[in-house]
K.L.:
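Following this message is one structure expressed as structure tokens.
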Amino acid sequence: MGNAIQDMLSKFAFPVYLAPMEGVTDRSFRLVCKKMGADVLVSEFISSDALSREIDKSVRKMCFDERERPFGVQIFGHDEQSLVAAARMAELAGPDFIDINWGCPVKKVVNKGAGSAILQDVPRMARLTAAVVDAVRLPVTVKTRLGWDSSSKPIVEVAERMQDAGVQAIAIHGRTRAQMYGGEADWSLIGEAKANPRLHIPVVGNGDIDSAEKALQYRKRYGVDAVMIGRAAIGNPWIFQQIKALVRGSEASFPTYDERVATVMEQLHLAAKEKGERRAVLEMRTQYAGYFKGLYNFKTVRMKLMQALTISECEDILRSYSEC
Ligand SMILES: Cc1cc2nc3c(=O)[nH]c(=O)nc-3n(C[C@H](O)[C@H](O)[C@H](O)COP(=O)(O)O)c2cc1C
């Protein structure tokens with residue numbers, strides 16, 4: 001049988017995903033990253049409980065722009081009925097694939113048996129995953145971690161079990177649940193999962209890719225089919241452009257101040273269209289540190305940005321820096 005995700009990835013010279021990040025990768029940021037060269041985009045995680053109850057906020061999280069394709073809707077949950085119902089609803093939104101989040105380490109999620117908690121019960125993980133695969137026509141992918149803690153890292157087996165469940169790609173964050181986001185991602189086990197001769201589905205490597213050079217090095221060293229970038233893209237969507245440049249053999253370029261401001265403005269306007277100006281301006285506050293990292297004496301500008309309430313105020317504040 002063919003693999004639709006493999007076909008999708010084969011269209012890109014060096015496939016790069018923007019990692020799903022709750023509270024960060026809304027449509028505005030995803031569109032900015034797409035323009036900069038991110039190939040595959042995924043929604044923020046969406047609670048299957050909330051989605052199956054048609055809670056407005058969760059339904060809205062599935063919305064995407066045609067320019068975002070290939071695009072996946074990510075769901076998380078712990079019980080079969082709501083996961084299946086959510087997957088069916090996600091399918092109606094028309095994405096290219098559905099992704100199941102079996103990696104979230106957050107207590108609120110894990111305590112209910114969702115996210116990475118499932119790594120303590122691989123047979124259940126396989127059962128729930130197969131139920132979702134059977135419920136929809138779209139390809140289903142999974143995003144997970146190496147295992148629960150340092151004494152349990154079953155990812156090589158998990159990848160095979162996911163393949164047997166009918167999953168068409170697996171994204172692996174090279175940490176255990178116990179590690180949360182601390183320490184260093186261990187890519188050697190991602191490489192082992194990929195090197196398993198019984199595994200045929202694409203493996204997407206994730207964790208700590210923070211430069212174009214590292215993306216190229218790690219893909220080559222660990223043989224993964226694609227890389228996924230999360231935190232390093234926050235306020236730095238240029239990382240995708242830099243990867244593309246390096247793949248082409250040209251020099252990676254870094255954004256000027258004016259380019260950074262223009263990109264912030266673009267993101268703000270896109271976000272305002274989606275959720276209103278006030279919310280767009282407030283949510284953008286978490287991204288300034290990334291966008292203007294390393295700029296001399298930027299702190300006072302950032303303090304002012306933290307108080308701005310309109311897009312034009314933000315623009316004036318940012319322009320005042322470039323003029324000084
Ligand atoms: C703020 C934040 C929100 C996140 N939200 C999600 C999410 O909604 N779904 C998901 O699968 N992973 C989520 N993650 C995990 C990332 O997708 C990624 O696996 C992790 O950050 C490691 O990749 P990185 O080192 O490139 O950041 C989140 C991470 C961060 C920092």
Side-chain angles (χ1 to χ4, degrees), residues 15-27 29-30 33 38 40-48 50-51 57-58 60-62 64 71-77 83 86 90 95 97-110 114-119 125 129 140-147 155 162 167 169-187 189-190 203-215 217-219 222 224 226-237 239-240 242-243 283-287 289-290:
V16 185
Y17 283 64
L18 169 65
M21 288 182 285
E22 160 71 4
V24 180
T25 53
D26 62 1
R27 202 183 335 170
F29 185 59
R30 294 194 308 257
C33 289
V40 185
L41 305 176
V42 185
S43 73
E44 300 165 80
F45 71 0
I46 307 176
S47 153
S48 57
L51 196 54
K57 188 174 164 221
S58 301
R60 266 188 281 119
K61 271 170 134 186
M62 294 195 295
F64 65 98
F71 175 77
V73 169
Q74 188 188 67
I75 56 172
F76 73 94
L83 276 166
F97 61 96
I98 290 166
D99 186 62
I100 310 177
N101 177 325
W102 289 138
C104 180
V106 174
K107 242 192 198 150
K108 212 169 77 183
V109 171
V110 165
S116 59
I118 203 84
L119 288 163
M125 181 182 190
T129 305
V140 174
T141 63
V142 155
K143 179 167 177 283
T144 189
R145 289 183 172 231
L146 302 178
I155 191 59
M162 293 300 98
V167 155
I170 183 165
I172 307 171
H173 175 191
R175 287 187 173 83
T176 61
R177 189 274 167 171
Q179 283 178 292
M180 303 295 283
Y181 292 94
E184 219 180 294
D186 173 8
W187 275 65
L189 274 172
I190 302 177
V203 172
V204 182
N206 171 236
D208 298 351
I209 299 292
D210 57 5
S211 69
E213 289 76 11
K214 193 166 175 180
Q217 257 172 28
Y218 274 42
R219 182 171 182 222
Y222 298 103
V224 292
V227 297
M228 177 184 271
I229 298 178
R231 290 164 296 173
I234 302 177
N236 180 30
I239 191 165
F240 298 106
Q242 289 157 357
I243 292 173
E283 287 184 6
M284 195 68 189
R285 290 179 180 176
T286 58
Q287 299 217 15

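Each ligand, and each atom within it, is numbered from 1 in the order the structure gives.
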K.L.:
Quick one: does Cys104 get a heavy atom under 4.0 Å from ligand 1?
P.N.:
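Distance cut 4.0 Å: Cys104 fails for ligand 1.
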K.L.:
Which class fits the ring pair Phe71 and Phe64: parallel under 30°, tilted 30 to 60°, perpendicular over 60°?
P.N.:
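Geometry flag for Phe64 against Phe71: parallel rings.
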K.L.:
For ligand 1, does Phe76 get within less than 4.0 Å through its side chain, its backbone, both, or neither, judged by non-hydrogen atoms?
P.N.:
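No part of Phe76 is near ligand 1 at this cut-off.
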K.L.:
Identify the heavy atoms of Ile75 and Leu83 that sit nearest to each other, and give their distance.
P.N.:
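Answer, listing the atom of Ile75 first, then Leu83: CD1-O, 3.7 Å.
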K.L.:
Spell out, as yes or no, whether a donor-acceptor pair under 3.5 Å connects the side chain of Arg145 to the backbone of Gly103.
P.N.:
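Yes, Arg145 side chain to Gly103 backbone: donor-acceptor pair under 3.5 Å.
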K.L.:
Starting from atom 28 (C) of ligand 1, what is the nearest protein heavy atom, named by residue and atom, and what distance separates them?
P.N.:
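Checked against all protein heavy atoms, atom 28 (C) of ligand 1 sits closest to Tyr181 OH, 3.4 Å.
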K.L.:
Determine yes or no for a side-chain-to-main-chain donor-acceptor pair under 3.5 angstrom, with Arg30 supplying the side chain and Thr25 the backbone.
P.N.:
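Yes; judged by distance alone, with no hydrogens or angles, the pair exists.
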K.L.:
Identify the two heavy atoms, one from Leu18 and one from Met228, that lie closest to each other, and give their separation to 0.1 Å.
P.N.:
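Result for this residue pair: C-CG, 4.4 Å.
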K.L.:
Quick one: nearest non-hydrogen protein atom to atom 23 (O) of ligand 1, plus distance?
P.N.:
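Going by distance alone, atom 23 (O) of ligand 1 is nearest to Asn206 ND2, 2.9 Å.
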K.L.:
Below 3.5 Å, N or O to N or O, backbone or side chain included: is there any such pair between Gly230 and ligand 1?
P.N.:
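In this structure, Gly230 places an N or O atom under 3.5 Å from an N or O of ligand 1.
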K.L.:
Tell me whether Glu44 is salt-bridged to Arg27, with the criterion being a basic N under 4.0 Å from an acidic carboxylate O.
P.N.:
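No salt bridge links Glu44 with Arg27.
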K.L.:
Just need the protein heavy atom nearest to atom 6 (C) of ligand 1, so name the residue and atom and give the distance.
P.N.:
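Looking at atom 6 (C) of ligand 1, the protein heavy atom closest to it is Pro20 O, 3.0 Å.
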K.L.:
Checking contacts here: is it the side chain or the backbone of Asp208 that comes within 4.0 Å of ligand 1, counting heavy atoms only? Could be both or neither.
P.N.:
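Both of them.
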K.L.:
Restricting to non-hydrogen atoms, name the atom on Val227 and the atom on Ala215 that form the minimum distance, rounded to 0.1 Å.
P.N.:
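That closest heavy-atom pairing would be CG1-O, 4.0 Å.
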K.L.:
Which residue owns the protein heavy atom closest to atom 31 (C) of ligand 1, what's the atom, and how far is it?
P.N.:
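Scanning the protein heavy atoms, the shortest distance from atom 31 (C) of ligand 1 goes to Arg231 CG, 3.6 Å.
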K.L.:
For atom 8 (O) of ligand 1, what is the closest protein heavy atom, and at what distance to 0.1 Å?
P.N.:
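Scanning the protein heavy atoms, the shortest distance from atom 8 (O) of ligand 1 goes to Phe45 N, 3.1 Å.
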K.L.:
Evaluate side-chain contact (heavy atoms from CB on, under 4.5 Å) for Trp102 paired with Leu119, printing each intermediate quantity in order.
P.N.:
CA-CA 8 Å; Trp102 289 138; Leu119 288 163; 5.7 Å; no
K.L.:
Counting only heavy atoms, tell me which of Lys143, His173, Met228 gets closest to atom 16 (C) of ligand 1.
P.N.:
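Answer by nearest heavy atom: Lys143.
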K.L.:
What's the shortest distance from atom 30 (C) of ligand 1 to any protein heavy atom, and which residue and atom give it?
P.N.:
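Looking only at protein heavy atoms, the one closest to atom 30 (C) of ligand 1 is Met21 CG, 3.9 Å.
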K.L.:
Do ligand 1 and Glu44 have nitrogen or oxygen atoms that lie under 3.5 Å from each other?
P.N.:
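N/O-N/O distance under 3.5 Å: no.
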K.L.:
Quick one: closest heavy-atom pair of Ile239 and Ser211, and the distance?
P.N.:
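Nearest pair, atom of Ile239 first, then Ser211: CD1-N, 3.7 Å.
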K.L.:
If I compare all heavy atoms of Gln287 with all of Gly235, which pair ends up nearest, and what's the gap?
P.N.:
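So the two residues come closest at OE1-N, 3.6 Å.
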K.L.:
Write out the residue and atom name of the closest protein heavy atom to atom 11 (O) of ligand 1, then the distance separating them to 0.1 Å.
P.N.:
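I find the closest protein heavy atom is Gln74 NE2, 2.8 Å.
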K.L.:
By number and element, which atoms of ligand 1 are closer than 4.0 Å to a non-hydrogen atom of Ala19?
P.N.:
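The atoms of ligand 1 under 4.0 Å from a heavy atom of Ala19 are 17 (O).
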K.L.:
Measuring from atom 3 (C) of ligand 1, which candidate in Arg145, Arg175, Met180, Glu22 has the nearest non-hydrogen atom?
P.N.:
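Selected option, by shortest heavy-atom distance: Glu22.
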K.L.:
Out of Asn101, Asp210, Val109, whose heavy atom is nearest to atom 10 (C) of ligand 1?
P.N.:
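It is Asn101 that holds the nearest heavy atom.
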